[in-house]
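Just so you know, these numbers use all the heavy atoms, side chains as well, and skip hydrogens, waters and symmetry mates.
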Amino acid sequence: MTDEVPKGSEPETSESLKAFGEVVKVFRKRAGLTQEQFAPQVGYSVPMIASIEQGRRLPSKEFVDRAEERLDAFGVIRAAAKHLTRRAGLAKWFEGWAELEPLAVTLYTYENRLVPGLFQTPAYARTLFEKQIPAMGDDKIESNLIRRMERASILTERPETIFSFIIEESALRRQVTSLEVTSEQLDHILTLSERRNIDIQIMSESRGHHAGLDGPLCLLETEENSWYAYSEGQRTAQLISDSKEVSILQQRYARMRAQALSVEASVGLLREIRGAL
């Protein structure tokens, strides 16, 4: 998979998102700033600024506050943000975490079910959506696919963010789709493993008890050094901000990093799994 959204699959938008983007653009130009100059002032990449101004990405509260302050917008940017409508393609329980993801300076993910969403290729993700119960209509599948690919862009748009992934070996060996799509998916993960800011570790099937047996887990740190956790189950999830609870989950993740295969051994096992297909 390339760094681009699949051809013919521009992210879904709304009139309120387009209007908000225009407001930001007008005030940015009023301040005499290019996107390249504005981006570091609010802590976002240039592609992210472009996406927001084009109405293709829902801005976070942090972006709204920073843009309002940096552009001295007389309260107009905050007022416009109050009328934003969310794009299709996100489960309601995932919205809070989705707003935090683009702000992460550190993002940790442990997954024991499937290939993590940020790693999924369009073909792999489409299979999951097409086989989901209850069944989805074609429009819903497309909007979900677009949103997932848009989320995954943070892996390439934020090279300064540190990403760590721990994936159960069984999740990588599980062929939820065709051999061709599975091969493409593993190739994509191997390509991502070459990025210096992405560490991928595999929890070996030979490992007995380990610290992640309670289920999937995500942790992230914002630029303000605030930590959040996210835990997901079937049709529900929990965004955790309580420092004591987050600390417990950080301890578990740290232990899992010691219990999983090393980064180098994990890449070797990935190649082995790919070669066996």
> Should I166 and I248 be counted in the same cluster of Ile, Leu, Val, Met, Phe, Trp and Tyr side chains packed under 4.5 Å apart?
Replying inline: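 No, no single cluster joins them.
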Between [X] and [Y], is there a donor-acceptor pair closer than 3.5 Å when you use the side chain of the first and the backbone of the second?
{"X": "S247", "Y": "S243", "result": "no"}
{"X": "E205", "Y": "E169", "result": "no"}
{"X": "E221", "Y": "W227", "result": "no"}
{"X": "Q175", "Y": "T182", "result": "no"}
{"X": "T161", "Y": "A104", "result": "yes"}
{"X": "N197", "Y": "P159", "result": "yes"}
{"X": "E232", "Y": "A237", "result": "no"}

Name each donor-acceptor pair under 3.5 Å that joins a side chain in residues 25-33 to protein atoms two or more places apart or in another chain, with its distance.
residue, atom, partner, partner atom, Å
R28, NE, E53, OE2, 2.6
R28, NH1, L33, O, 2.8
R28, NH2, E53, OE1, 3.0

Using side-chain heavy atoms (C-beta onward) and a distance below 4.5 Å, is [X] in contact with [Y]?
{"X": "Q201", "Y": "L261", "value": "no"}
{"X": "K140", "Y": "Q132", "value": "no"}
{"X": "I49", "Y": "F63", "value": "yes"}
{"X": "Y124", "Y": "V176", "value": "yes"}

> Less than 4.0 Å between a side-chain N and a carboxylate O, is that true for E224 and R66?
Replying inline: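 Counted as a salt bridge, because a side-chain N and a carboxylate O are separated by less than 4.0 Å.
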>> One thing to verify: whether R158 and E223 come together as a salt bridge, which I'm taking to mean a side-chain N less than 4.0 angstrom from a carboxylate O.
In response: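 R158 and E223: salt-bridged.
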> Got more than 12 heavy atoms from elsewhere within 6.0 Å of CZ, R173?
Replying inline: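 Atom CZ in R173 is packed in, count exceeds 12.
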>> If you count every heavy atom of other residues, nucleotides or ligands that lies below 6.0 Å from R113 atom CZ, does the total exceed 12?
In response: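 More than 12 heavy atoms, drawn from other residues, nucleotides or ligands, come within 6.0 Å of this atom.
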Nearest heavy-atom pair of [X] and [Y]: which atoms, and what distance?
{"X": "M149", "Y": "A125", "value": "CE-CB, 4.2 Å"}
{"X": "I167", "Y": "L114", "value": "CG2-O, 4.5 Å"}
{"X": "I154", "Y": "E101", "value": "CD1-O, 4.0 Å"}

Side chains of residues 209-220: which donor-acceptor partners sit under 3.5 Å, not counting sequence neighbours?
residue, atom, partner, partner atom, Å
H210, ND1, G212, N, 2.9
H210, NE2, E168, OE2, 2.7
D214, OD2, R252, NH1, 3.1

Distance-only criterion, 3.5 Å: show the donor-acceptor pairs between side-chain atoms of residues 36-47 and protein atoms not counting sequence neighbours.
residue, atom, partner, partner atom, Å
Q37, OE1, T34, N, 2.9
Q37, OE1, T34, OG1, 3.4
Y44, OH, S60, OG, 2.7
S45, OG, M48, N, 3.2

> OH of Y110 to CE of M203: how many Å apart, nearest 0.5 Å?
Replying inline: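 Atom-to-atom, Y110:OH and M203:CE are 6.0 Å apart.
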> At what distance, to the nearest 0.5 angstrom, does CZ of R147 lie from CG of L145?
Replying inline: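 Answer for the CZ-CG pair, R147 versus L145, is 12.5 Å.
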> Does the side chain of R148 come under 3.5 Å of the side chain of Q120 through a donor N or O and an acceptor N or O?
Replying inline: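 There is such a pair between these side chains.
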>> side-chain contact (heavy atoms from CB on, under 4.5 Å), that's the test. Do F119 and I198 meet it? Break it down for me.
In response: CA-CA 11 Å; F119 277 0; I198 299 178; 4.3 Å; yes
